[in-house]
Number of protein chains: 2
Amino acid sequence: MIQLLTDSILQHVALTEEEIARIPAYFETVKTHRGQFLLREGEICRYEFFVLKGCCRQYETDDAGKENVFQFSVEGWWMTDLDSMLHERPSVFNIDVLEAGEILQITKAQLHLLFQDIPAVERYYHIITQRSGAALQRRILFLQKPAIERYREFVTRYPFLETRLPQHQVAAYLGITKESLSRLRHKIARS
Amino acid sequence: MIQLLTDSILQHVALTEEEIARIPAYFETVKTHRGQFLLREGEICRYEFFVLKGCCRQYETDDAGKENVFQFSVEGWWMTDLDSMLHERPSVFNIDVLEAGEILQITKAQLHLLFQDIPAVERYYHIITQRSGAALQRRILFLQKPAIERYREFVTRYPFLETRLPQHQVAAYLGITKESLSRLRHKIARS
DNA sequence: CGGATGTGTTGTCATATCTCAATATTTGAA
DNA sequence: TTCAAATATTGAGATATGACAACACATCCG
């Protein structure tokens with residue numbers, strides 16, 4: 001199943017068969033179960049996660065206890081708290097498992113060993129970092145739009161998430177309550 | 001004045017005097033005047049910008065004509081449309097000059113020549129990219145908070161911008177109208 | 001099977017923020 | 001200095017969304 005990762009790498013850089021074979025050793029494989037936490041608020045995020053199977057969610061809990069979803073991750077997606085990793089500061093995020101499955105995790109130290117071993121992977125990593133930056137940028141624009149447009153854009157961009165996730169999780173990603181989302185959907189269905 | 005850039009680089013990586021001397025040639029210096037556009041919506045963003053002096057603003061205009069500010073940049077800050085640069089797709093952003101001054105600009109091609117010439121600059125660039133990713137991440141969390149907290153956080157994090165910018169620009173960054181910001185400020189002042 | 005838990009809908013009312021309009025204040029350039 | 005443009009404030013009413021509560025299903029698991 002780790003092939004999902006090597007495929008992802010090969011989409012961006014070229015590797016020899018021997019290099020491909022050396023990659024898995026740098027990662028830890030973790031079977032995940034629903035409700036499991038990969039990161040808890042207050043901890044320093046030590047890993048980059050790569051989802052092999054299942055669905056994870058990165059969210060923060062605000063003062064009123066409301067959960068704001070930052071990102072979902074499904075098969076083939078990376079997920080981490082960049083700010084916590086980079087500055088080694090306690091994370092504001094929780095990362096938990098919505099759908100059981102399997103993930104890969106790698107520490108910063110291992111990642112750098114991997115870069116030394118296989119420089120092409122460093123190029124891959126930087127490409128991924130840039131793409132994730134572009135995605136964050138889109139998310140910022142997204143959050144400035146009215147709720148109904150956010151919902152439409154979400155459905156268009158991530159149809160597979162829309163059907164896979166419970167509505168209240170989608171609402172928490174859109175930045176609205178589940179009740180408001182229910183009413184938005186109703187309104188759209190009518191028209 | 002280009003020393004602002006080399007200082008920024010030297011904060012993160014080590015360079016020899018000769019290397020420092022080779023850097024300016026890769027950049028174009030542009031004197032900016034108020035109202036000038038560095039990037040217009042619909043164009044493909046070809047440059048990374050580095051502000052030497054003055055203040056720039058990156059914003060998008062929504063369907064209703066409202067301007068949403070994505071980012072301000074002052075002395076020593078980088079600014080670009082990552083998504084447009086990376087995917088070579090038309091930008092949704094405008095970048096214009098609020099305060100006259102001077103900027104450096106560099107194309108992707110020149111940047112890669114610079115990386116080949118001075119590999120340490122590539123490391124600097126990746127550090128900057130990561131930090132900017134962390135900043136984008138914070139901005140996403142920021143946008144999910146209520147307006148009054150967004151304003152407080154803005155003032156705390158960027159006190160020098162709060163005083164330097166007209167209020168309606170700050171409002172457009174916070175994602176509220178200038179009237180709402182005026183009222184928020186009034187409310188805070190009273191308490 | 002049956003209850004606990006998770007999920008989704010609907011009603012009512014509260015609240016934050018917006019829109020539009022009028023007016024005040026500051027700033028910059030001729 | 002003086003006028004025009006830019007900026008900021010205030011009021012009144014509209015609108016989007018939230019908060020809370022009740023209820024309806026579905027689903028999972030003992």
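Lettering of chains follows the sequences in order, A, B, ..., and the numbering in each one begins at 1.
- Contact detail for A:Val74 and A:Leu161: the closest heavy-atom pair is CG1-CD2, 3.7 Å.
- For a distance-only test at 3.5 Å, the side chain of B:Arg183 qualifies as a donor-acceptor partner of the base of D:dG11.
- Taking the nucleotide of DNA chain C with the nearest heavy atom to each of B:Lys178 and B:Leu181, the more 5' of the two is matched to B:Leu181.
- Side-chain nitrogen and oxygen atoms of A:His186 include none within less than 4.0 Å of the OP1 or OP2 phosphate oxygen of C:dT9.
- Between B:His168 and D:dA6 there is no side-chain polar atom (N or O) within less than 4.0 angstrom of OP1 or OP2.
- To the nearest angstrom, P of D:dT9 lies 14 Å from CZ of B:Arg190.
- A donor and an acceptor atom, one from each side chain of A:Asp81 and B:Gln137, are located under 3.5 Å apart.
- Two residues, B:Glu179 and B:Lys187, neighbour DNA chain C, and the one matched to the more 5' nucleotide by heavy-atom proximity is B:Lys187.
- Note that A:Arg150 lies outside the cation-pi zone of A:Tyr173, set by a 6.0 Å cut-off to the ring centre and a 45° limit from the axis.
- Distance, A:Ile188 CD1 to D:dA16 P: 14 Å, rounded to whole Å.
- Contact check, B:Thr177 against C:dT17: no side-chain N or O comes under 4.0 Å of OP1 or OP2.
- For the 3.5 Å distance criterion, the side chains of B:Gln110 and B:Tyr47 fail to qualify, holding no donor opposite an acceptor.
- Counting to the nearest Å, the P atom of C:dT27 and the CG atom of B:Leu165 are 15 Å from each other.
- A:Ser182 has no side-chain polar atom (N or O) that falls below the 4.0 Å cut-off from OP1 or OP2 of C:dG8.
- For the OP1/OP2 pair of D:dT7 and a distance below 4.0 Å, the side-chain nitrogens and oxygens of B:Gln169 include no atom meeting the criterion.
- The distance between atom NZ of B:Lys66 and atom P of C:dC20, rounded to the nearest whole Å, is 12 Å.
- As rounded to whole Å, 13 Å separates atom C1' of D:dT15 from atom CG of A:Leu184.
- The residue A:Gly35 sits apart from the nucleic acid: no heavy atom pair falls under 4.0 Å.
- In this structure, the CZ atom of A:Arg34 is 10 Å from the C1' atom of D:dC28, given to the nearest Å.
- Remark: A:Lys53 does not engage A:Glu75 in a salt bridge, criterion side-chain N to carboxylate O under 4.0 Å.
- The nearest whole Å value for the distance from the CG atom in B:Leu174 to the P atom in C:dT17 is 11 Å.
- At whole-Å resolution of the value, CD in B:Gln167 and P in D:dT9 are 4 Å apart.
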